[in-house]
Amino acid sequence: GAVVSQHPSRVICKSGTSVKIECRSLDFQATTMFWYRQFPKQSLMLMATSNEGSKATYEQGVEKDKFLINHASLTLSTLTVTSAHPEDSSFYICSAYGGYNQPQHFGDGTRLSIL
Amino acid sequence: GEDVEQSLFLSVREGDSSVINCTYTDSSSTYLYWYKQEPGAGLQLLTYIFSNMDMKQDQRLTVLLNKKDKHLSLRIADTQTGDSAIYFCAESGGGATNKLIFGTGTLLAVQP
């Protein structure tokens, strides 16, 4: 089946640090990748949609300068949380979409903790 | 806007069947999905159904779709303790980006 690898699985760092999270589709090409944020005991909140070779589309209320997304190839998208602060602590999950009529496949998530 | 609703919690005994329900509002939904999330993990795709289907069965899982009532259900036969998790339904219009709208999630607790 389709596999999406997300790294790192857990990050703990000091306030002001920038953190990069990688999302890779291992056995298929992803025309689109999605980045979600999940708060405890809540559903997933879509942050942005990333298409290979073009600028990401951010959802309302998501700061594009805070959450930088790069989709450099059909198998890799990165999310960089710039100058992270404690309120950015959360569970971040990516998903990859292979094209028409295919389901989204999700990574295992990254637990980000900012001290 | 589009909305997807689920009951928050379901408790069943091991060996019984579980039925998790979901309602949605977008009549143009093309695909409907069920994902499973275990603690601290990402989402695992369980199954999905195209909107022109009424039912889909895959081993212990049966998905029923009532398009008229915009109601989707997931039945898990012979529920095991390993099935304990949060189950999310999601709908999409398909197409070029297949953006998903997620439900609130149902926590399934399986009692031994």
Side-chain angles (χ1 to χ4, degrees), chain A residues 1-10 21 23-25 28 30-52 54 56-60 71 77 90-113, chain B residues 1-9 20 22-24 29-53 56 58-59 61 63 72 74 85-109:
Chain A
V3 178
V4 175
S5 174
Q6 186 174 342
H7 290 285
S9 58
R10 174 124 201 196
I21 303 170
C23 182
R24 294 180 185 270
S25 56
F28 67 102
T31 57
T32 306
M33 288 187 173
F34 300 87
W35 288 95
Y36 297 85
R37 184 172 180 175
Q38 187 179 31
F39 293 101
K41 301 188 189 304
Q42 293 190 22
S43 187
L44 278 70
M45 181 189 79
L46 179 65
M47 298 174 66
T49 302
S50 166
N51 291 294
E52 185 264 339
S54 62
T57 302
Y58 290 82
E59 295 298 302
Q60 192 172 6
H71 194 154
S77 177
S90 194
F91 192 56
Y92 293 86
I93 309 176
C94 72
S95 72
Y97 175 58
Y100 279 85
N101 305 331
Q102 298 299 311
Q104 286 185 31
H105 294 278
F106 285 79
D108 283 335
T110 297
R111 174 75 56 194
L112 176 62
S113 300
Chain B
E2 303 111 345
D3 193 25
V4 181
E5 297 286 339
Q6 299 176 240
S7 53
L8 291 180
F9 182 73
I20 303 172
C22 173
T23 57
Y24 59 98
S29 294
T30 305
Y31 290 93
L32 296 120
Y33 303 84
W34 284 104
Y35 286 91
K36 175 184 179 183
Q37 185 179 35
E38 297 185 13
L43 271 66
Q44 174 194 353
L45 176 66
L46 290 178
T47 186
Y48 63 105
I49 189 168
F50 189 52
S51 59
N52 68 353
M53 299 169 65
K56 181 178 180 180
D58 184 2
Q59 300 182 333
L61 305 179
V63 178
L72 181 74
L74 174 69
I86 298 175
Y87 290 79
F88 290 98
C89 70
E91 59 94 6
S92 79
T97 61
N98 201 29
K99 187 173 174 179
L100 292 177
I101 306 297
F102 280 93
T104 47
T106 299
L107 174 61
L108 173 64

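Just so it is clear: chains get the letters A, B, ... in the order the sequence lines come, proteins before strands, and each one is counted from 1.
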Nearest heavy-atom contact between Tyr36(A) and Leu100(B) is OH-CB, 4.1 Å
Shortest non-hydrogen pair, Lys99(B) vs Glu59(A), comes out as NZ-OE2, 3.1 Å
Here the gap from Ile86(B) atom CD1 to Lys41(A) atom NZ, rounded to the nearest 0.5 Å, amounts to 7.5 Å
CD (Gln38(A)) and CZ (Phe88(B)) are apart, to the nearest 0.5 Å, by 5.0 Å
Minimal heavy-atom distance between Pro103(A) and Tyr33(B), with the atoms involved, is CB-CE2, 3.4 Å
Turns out that what part of Leu43(B) lies under 4.5 Å from chain A's heavy atoms comes down to both
If one checks every heavy atom of Gln42(A) against chain B at 4.5 Å, the contacting part turns out to be backbone
The side-chain contact (heavy atoms from CB on, under 4.5 Å) partners of Thr106(B) (sequence neighbours excluded) come to Gln6(B), Ser7(B), Leu10(B), Ile20(B)
Counting only N and O atoms by type, is there a donor-acceptor contact under 3.5 Å from the side chain of Ser43(A) to the main-chain atoms of Gly105(B)?
-> no
key: Intermediate values then yes/no, side chain to side chain contact (heavy atoms under 4.5 Å, CB included), Leu44(A) and Tyr35(B)   = CA-CA 12 Å; Leu44(A) 278 70; Tyr35(B) 286 91; over 6 Å; no
Checklist entry - Can you find a pair of side-chain heavy atoms, one from Gln37(B) and one from Ile93(A), that are under 4.5 Å apart? => result yes
